[in-house]
Amino acid sequence: NLATIAFDINLLNNDEVNYYPNQIKITYDPNGGTGSQVIKQYGFNSNVILESPTNIELGFTTNIPGYEFKHWNTLADGTGISYAGDCTGVYPNLIFPITLYAIWGPQTGTISGHVFQDGNNNDIYDTGEGLVSRIVSLYQKDSLGNFNDTGITATTNVDGWYTFDVEVLQSYKVVFKVLDTGGVGV
């Protein structure tokens, strides 16, 4: 028995047939991390959850001390399109099937503090003591023990607050010039 299917040629786009499978396939690649590629499938037009590499199902980690997962990328060298892990959504710009590569990089942390004029001489920052618009420079310790200017600066806000994003497992110092007289703390 043969069945006949009615087909309307007006439904074609530039006389091309576009086939949409009922499954979206994503291959997760540890890209130098531990573990093997994992294939996940999702229903077409459903929300896709871009997995975190440390989810039990994937179990990817890195063997490089001080490194962590940064993002997924469409290219193994990280020069493609990046996507965060643990994101849920419909991704119309992804062409399926696709391989997403784990991109690993140095763990980051924050160095922050106040530049202030200690008006009551208690060696503690109190509200209203912050010095605004002060340039704070970040120095990083090299393998010889010398601190070198990174060229990265921050300007204090109205509360005298500054912040730097830095790699962990490194040594840093901050330097600032204070033009006012009086006690100063960091």
Is a side-chain N or O of Asp77 found less than 3.5 angstrom from the main chain of Thr79, in a donor-acceptor match? yes
Between Gln140 and Gln170, do the side chains contain a donor N or O and an acceptor N or O under 3.5 Å apart? yes
Same cluster or not: are Phe176 and Ile135 linked, directly or through other Ile, Leu, Val, Met, Phe, Trp or Tyr residues, by side-chain heavy atoms under 4.5 angstrom apart? no
Could you work out, with side-chain contact (heavy atoms from CB on, under 4.5 Å) as the rule, every residue matching Thr62, not counting sequence neighbours? Ile64, Tyr67, Trp104
Given Thr108 and Lys70, is the side-chain contact (heavy atoms from CB on, under 4.5 Å) satisfied, shown in steps? CA-CA 10 Å; Thr108 56; Lys70 293 298 186 181; 3.6 Å; yes
If you apply the rule side-chain contact (heavy atoms from CB on, under 4.5 Å), what do you find for Phe164 with Ile152, and how did you get there? CA-CA 8 Å; Phe164 295 101; Ile152 300 170; 3.8 Å; yes
With a 3.5 Å distance limit and no angle check, can you tell me whether Asp149 reaches the backbone of Tyr139 through a side-chain donor-acceptor pair? no
Minimum heavy-atom distance between Glu129 and Gly119, given as atom pair plus value: OE2-N, 3.1 Å
Please evaluate residues Val174 and Leu138 with respect to the criterion side-chain contact (heavy atoms from CB on, under 4.5 Å), reporting the C-alpha separation (whole Å), side-chain torsions for both, the decisive distance (0.1 Å), and the verdict. CA-CA 5 Å; Val174 294; Leu138 182 68; 4.2 Å; yes
How close do Pro30 and Gln37 get, heavy atom to heavy atom, and via which atoms? CD-N, 3.9 Å
Parallel under 30°, tilted from 30 to 60°, perpendicular over 60°: which one fits the rings of Tyr125 and Phe116? perpendicular
Taking all non-hydrogen atoms of both residues into account, name the closest pair between Tyr28 and Leu50 and its distance. OH-CA, 3.6 Å
Could you check whether any side-chain N or O of Thr156 sits under 3.5 Å from a backbone N or O of Arg134, counting only pairs where one atom can act as donor and the other as acceptor? yes
Are Thr74 and Tyr83 side-chain neighbours, meaning at least one heavy-atom pair lies under 4.5 Å? yes
For residues Leu100 and Asp29, determine if any side-chain heavy atom of one lies less than 4.5 Å from a side-chain heavy atom of the other. no
Start with the C-alpha distance between Ile81 and Asn73, add both sets of side-chain angles, then the distance that settles side-chain contact (heavy atoms from CB on, under 4.5 Å), and finish with yes or no. CA-CA 5 Å; Ile81 299 169; Asn73 199 282; 5.8 Å; no
Taken to the nearest 0.5 Å, the spacing of Ser137 OG from Phe147 CZ works out to 14.0 Å
Side chains of Asn120 and Asp126: does their closest heavy-atom pair fall under 4.5 Å? yes
If you compare all heavy atoms of Gly59 against all heavy atoms of Thr34, which two are closest, and at what distance to 0.1 Å? O-OG1, 4.0 Å
Same cluster (ILVMFWY, side-chain, under 4.5 Å), Tyr101 and Ile98: no
Does the Asn31 side chain pair with the main chain of Ile103, one donor and one acceptor, at a distance under 3.5 Å? no
To the nearest 0.5 Å, how far apart are OG1 in Thr61 and CD in Glu68? 13.0 Å
Determine the minimum heavy-atom distance between His114 and Tyr162, stating which atoms define it. N-CE2, 3.9 Å
Side chains of Asn146 and Lys141: closer than 4.5 Å at any heavy-atom pair? no
Tell me which one of Ile111, Val115, Thr155, Thr153 satisfies side-chain contact (heavy atoms from CB on, under 4.5 Å) with Val136. Val115
